[in-house]
Amino acid sequence: WRFPDMHYFSIHTQDGEHVGFFIMLADDESQNPPQSGRFAIKLQSEDAAEAAVLSPFEQTDIPQYWRVVKDRIELFFDDKNIGVLRNEYLTISGKTFILTDLTGAM
């Protein structure tokens, strides 16, 4: 299994409402699987109250990184741990979202 250059996910609330996209890019694509990289968030819905939690992490000049730690991926915003990705669940600032992998579908 080869980790693609970018990994794309759709972000949904616990109620199933689509709020945007989560994108991961590996630092070192030769590592299999990669252990760190950058991430980006692109919101599609501003109506969902939960989406407000994600808005600080959209289109920012502040570095956003991810790193594998044991059985999860930790997310960092300007060196501050802001969340975790485990299985198909993304938790940021105390709110949990469901991710759907779109990489294979593209």
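These numbers come from the heavy atoms of this one structure, side chains and all, not from hydrogens, waters or symmetry mates. Note that the numbering runs from 1 along the sequence shown for the chain. What you see is a predicted model; the values in this text were computed from it and never measured.
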Colleague: Which heavy atom in Ser10 sits nearest to a heavy atom in His12, and how many Å separate them?
Modeller: OG-NE2, 2.9 Å

Colleague: What is the minimum heavy-atom distance between Ser93 and Val53, and which atoms define it?
Modeller: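 Heavy atoms only, the tightest pair is CB-CG1, 3.7 Å.
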
Colleague: Looking at Leu25, Leu102, Asp101, which hits side-chain contact (heavy atoms from CB on, under 4.5 Å) with His7?
Modeller: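 So, applying the side-chain contact (heavy atoms from CB on, under 4.5 Å) to His7 and each of Leu25, Leu102, Asp101, only Asp101 qualifies.
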
Colleague: Considering non-hydrogen atoms only, spot the tightest contact between Met24 and Ile73 and give its length.
Modeller: CE-CD1, 3.7 Å

Colleague: What is the minimum heavy-atom distance between Phe97 and Thr13, and which atoms define it?
Modeller: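 Phe97 and Thr13 have their closest heavy atoms at CD2-CA, 4.3 Å.
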
Colleague: Report the relative orientation of the aromatic rings in Phe77 and Phe57; use parallel for angles under 30°, tilted for 30 to 60°, perpendicular for over 60°.
Modeller: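 Because their plane-to-plane angle is over 60°, the rings of Phe77 and Phe57 count as perpendicular.
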
Colleague: When clusters are formed from ILVMFWY side-chain contacts under 4.5 Å, directly or step by step, what else is grouped with Tyr89?
Modeller: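 Tyr89 shares its hydrophobic cluster with Ile98.
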
Colleague: Closest approach of Phe39 and Phe76, non-hydrogen atoms and distance?
Modeller: CE2-O, 3.6 Å

Colleague: Donor-acceptor check, side chain of Asp61 to backbone of Pro63, threshold 3.5 angstrom: yes or no?
Modeller: no

Colleague: With a 4.5 Å cut-off on side-chain heavy-atom distances among I, L, V, M, F, W and Y, is there a chain of contacts connecting Trp66 to Ile82?
Modeller: yes

Colleague: Any chance you could measure Glu74, atom CD, to Arg72, atom CZ, to the nearest 0.5 Å?
Modeller: 4.5 Å

Colleague: Looking only at non-hydrogen atoms, find the nearest pair between Leu43 and Glu58 and report the distance.
Modeller: N-OE2, 2.8 Å

Colleague: Taking the side chain as C-beta and beyond, is there a heavy-atom pair between Leu75 and Leu90 under 4.5 Å?
Modeller: yes

Colleague: Does atom CG of Asp71 have more than 12 heavy-atom neighbours from other groups under 6.0 Å away?
Modeller: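 Yes.
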
Colleague: Roughly how far, to the nearest 0.5 Å, is the CD atom of Gln64 from the CD1 atom of Ile23?
Modeller: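 One gets 11.0 Å once the value is rounded to the nearest 0.5 Å.
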
Colleague: I would like to know whether Glu88 and Phe9 meet side chain to side chain contact (heavy atoms under 4.5 Å, CB included); could you show each step before the answer?
Modeller: CA-CA 9 Å; Glu88 70 271 8; Phe9 301 90; over 6 Å; no

Colleague: Looking at CG of Leu99 and CZ of Phe21, how far apart are the two atoms once the value is rounded to the nearest 0.5 Å?
Modeller: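 So the CG of Leu99 and the CZ of Phe21 are separated by 11.5 Å.
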
